[in-house]
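Only one structure is covered here, and it is reproduced in the block below.
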Amino acid sequence: GWSRAGHEPLQNHPSNRQRLKSAMTELATLIFRASLRARLYRDIEVSGSSTLADLAEAIVAAFGFDMDHAYGFYSKLTGKLFDSPQRFELFADIERSGSRSVKGTRVITAFQKVGSAMTFLYDYGDEWRFRVDVIGTGQAQPDASYPRIVSKIGKSPLQYPDIEDE
């Protein structure tokens, strides 16, 4: 007798389905818009398995800044960021605080859906505040490398404007 074993639909095997789901997560990308103001932003596509530290580096690089300062992601978009219910900070990797790690947190954990937004505060001295929104999702292309810049609007400000002589 001819058997149909091996022809069962995938969804009958929960273990396969689970594997498929995690493969999908690995292949999914998130598209972030990091804006300094309305017409000044960079759209960056990152792999869903990237960490917030990867995202931070991508944003800083996309604006042509040097990655040489501490930073954090805050759930509040305005006002006192340090009162944010959700805080992910580089400091969390160094000292104990009420915040969570940027190196140990994946972007899909912090930004769970399209429309999720946080403030990315870079350089606690100069206080560069970027609003970071998830504007879409994608599928990772096998020949592409991530993170990648999808679009650039507006001219990047100078990270260190020349200090005028007094």
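Hydrogens, waters and symmetry mates play no part in the numbers below; they use all other heavy atoms, side chains included.
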Donor-acceptor list for residues 108-116 side chains, cut-off 3.5 Å, not counting sequence neighbours:
| from | atom 1 | to | atom 2 | distance (Å) |
| --- | --- | --- | --- | --- |
| Q112 | NE2 | T109 | O | 3.3 |
| S116 | OG | Q112 | N | 3.4 |
| S116 | OG | K113 | N | 3.2 |
| S116 | OG | K113 | O | 2.9 |

Between Q86 and S75, a side-chain donor and acceptor under 3.5 Å: no

With side chains defined as the heavy atoms from C-beta onward, is the minimum distance between F88 and M118 less than 4.5 Å? yes

Decide whether E89 and Y74 meet the rule of one side-chain donor and one side-chain acceptor closer than 3.5 Å. yes

Going by the salt bridge (Lys or Arg N to Asp or Glu O under 4.0 Å) test, which pairs reach into residues 41-56, not counting sequence neighbours? R33-D43, E45-R148

Applied to residues 58-78, the salt bridge (Lys or Arg N to Asp or Glu O under 4.0 Å) test, sequence neighbours excluded, yields none

Would you call L121 and W128 a side-chain contact if the rule is heavy atoms closer than 4.5 Å? no

Would a line drawn from the ring center of F120 to the ring center of F130 be shorter than 6.0 Å? yes

In the structure I gave you, are the side-chain heavy atoms of Y146 and I44 within less than 4.5 Å of one another anywhere? no

If we ignore hydrogens and angles and just use 3.5 Å, is the side chain of Q141 paired with the main-chain N or O of Q139 as donor and acceptor? yes

Provide the closest heavy-atom pair for K103 versus L90 in the form atom of the first, atom of the second, distance. CE-CD1, 4.1 Å

With a 4.5 Å limit on heavy-atom distance, are the side chains of F65 and P157 in contact? yes

